[in-house]
Amino acid sequence: MKRSLRIFSTPQDLAQSLALDLIRQIKEADTIVNHFTIALSGGNTPKLLFSVLADKFSGTVNWKNVHFFWVDERCVPPEDSESNFGMTNEVLFTKIKIPQENIHRIKGEDDPIKEAERYSKEIIDFTVKRNGLPFFDIMLLGLGEDGHTASIFPGNEKLFLSDKICAAAVHPSTGQERITITGKVINNAASVFFLVTGKNKAAIVNNILGEHKNKKQFPASFVKPTDGRLLWYVDEEAGALIKK
Ligand code: 6PG
């Protein structure tokens with residue numbers, strides 16, 4: 001596994017640089033054969049990246065070749081303020097020319113177990129396979145202060161060993177139901193990006209990238225791409241405790 005860490009002085013610089021890297025990868029990818037597949041995370045941190053893509057790069061890519069999926073979703077309707085799809089649609093998709101059929105959303109309004117099965121089938125039917133598993137060009141991950149990523153929370157690390165493609169989950173402190181892509185599919189991607197900003201994440205970033213004795217309690221520490229690259233993009237505040 002190739003792992004790299006880039007620390008940016010501001011979240012804006014990070015979003016600009018990551019947007020450039022994503023656009024470059026989309027352009028370099030041979031989309032004649034296969035579509036370029038990106039699985040997105042939700043939460044607050046990706047909003048800046050999505051607005052930079054919409055404001056600065058909407059016309060520089062043929063979005064017809066790009067298919068968007070979600071790493072996880074909250075079990076709420078798409079118009080709900082908690083919806084990861086809803087946020088991305090408002091900040092990005094309504095501002096770029098992308099065919100509706102390229103947007104593969106998780107139906108958070110449906111029964112979590114049934115939707116996890118349905119979405120697994122949609123992923124299996126659409127993606128190419130590598131190592132017998134669905135293959136994504138890009139996985140965009142976030143990081144919770146408790147070390148969760150996607151909707152794989154502490155105590156649920158077994159989702160990194162599961163043969164399921166997607167699973168239902170529950171947020172340990174809010175009780176919110178979630179649907180998440182599982183660990184083997186995350187680790188099967190070509191490029192796995194962690195996008196992390198803010199001083200509230202400094203301790204957990206250092207726990208995972210530093211010498212913490214018991215990293216295994218943090219689900220994000222299980223993100224180790226099988227053949228792909230692992231790229232940490234953090235701002236100075238989130239990277240403040242990492243020994244340079
Ligand atoms: C979600 C996410 C989740 C997120 C982290 C960080 O749906 O909430 O996909 O894994 O990436 O919770 O969230 P913030 O970016 O809001 O800190």
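Each ligand, and each atom within it, is numbered from 1 in the order the structure gives.
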**Side-chain donor or acceptor of Lys215 paired with backbone N/O of Gly210 under 3.5 Å** = yes
**Prompt:** Closest non-hydrogen protein atom to atom 13 (O) of ligand 1, residue and atom name please, with distance?
**Reply:** Gly43 CA, 4.1 Å
**Fill in**
Numbered in order shown, the ligand 1 atoms found under 4.0 Å of a heavy atom of Ala150 are 3 (C), 10 (O)
**Asked** For atom 16 (O) of ligand 1, what is the nearest protein heavy atom, given as residue, atom name and distance?
**Response** Asn44 N, 2.8 Å
**Fill in**
atom 9 (O) of ligand 1 sits nearest the protein heavy atom Asp72 OD1, 2.7 Å
**Message:** Counting the benzene-type ring for Trp, do Phe69 and Phe126 have ring centres under 6.0 Å apart?
**Reply:** yes
**Centroid-centroid distance, Tyr233 to Phe193, less than 6.0 Å** = yes
**Fill in**
For Arg74, the atoms of ligand 1 under 4.0 Å from one of its heavy atoms are 1 (C), 7 (O), 8 (O)
**Option whose closest heavy atom lies nearest to atom 12 (O) of ligand 1, chosen from His148, Glu82, His171** = His148
**Item:** Numbered atoms of ligand 1 (with element) below 4.0 Å of Ser41, judged on heavy atoms
**Value:** 9 (O)
**Asked** When only distance counts, is Thr149 in polar contact with ligand 1, meaning an N/O pair under 3.5 Å?
**Response** no
**Fill in**
of all protein heavy atoms, closest to atom 17 (O) of ligand 1 is Lys201 NZ, 2.7 Å
**Glu117/Lys121 under salt bridge (charged side-chain N to carboxylate O under 4.0 Å, His left out): CA gap, chis, key distance, verdict** = CA-CA 6 Å; Glu117 284 159 15; Lys121 191 171 177 324; over 6 Å; no
**Asked** Would you call Glu73 a ligand 1 contact, heavy-atom distance under 4.0 Å?
**Response** no
**Prompt:** Of the choices Leu143, Thr45, Thr180, which has the non-hydrogen atom that lies closest to atom 6 (C) of ligand 1?
**Reply:** Leu143
**Message:** When you measure from the side chain of Asn207 to the backbone of Asn214, do you find a donor-acceptor pair of N or O atoms at a distance under 3.5 Å?
**Reply:** no
**Message:** Assess, by modelled atom type and distance only, whether the side chains of Asp72 and Thr180 contain a donor and an acceptor separated by less than 3.5 Å.
**Reply:** no
**Centroid separation His104 to Phe68 less than 6.0 Å** = no
**Item:** Cation over ring face, Lys107 and Tyr119, 6.0 Å, 45°
**Value:** no
**Request:** Starting from atom 11 (O) of ligand 1, find the nearest protein heavy-atom neighbour and note its residue, name and distance.
**Result:** Gly142 CA, 3.3 Å
**Prompt:** Do Asp21 and Arg6 pass the salt bridge (charged side-chain N to carboxylate O under 4.0 Å, His left out) test, and can you show the C-alpha distance, the side-chain angles, and the key distance before you say yes or no?
**Reply:** CA-CA 12 Å; Asp21 290 352; Arg6 297 185 63 188; 3.3 Å; yes
**Request:** Flag Gly144 as yes when one of its N or O atoms lies below 3.5 Å from any N or O atom of ligand 1, and as no otherwise.
**Result:** no
**Message:** Does the residue Asn84 have a heavy-atom contact with ligand 1, meaning some pair of atoms that are separated by less than 4.0 Å?
**Reply:** yes
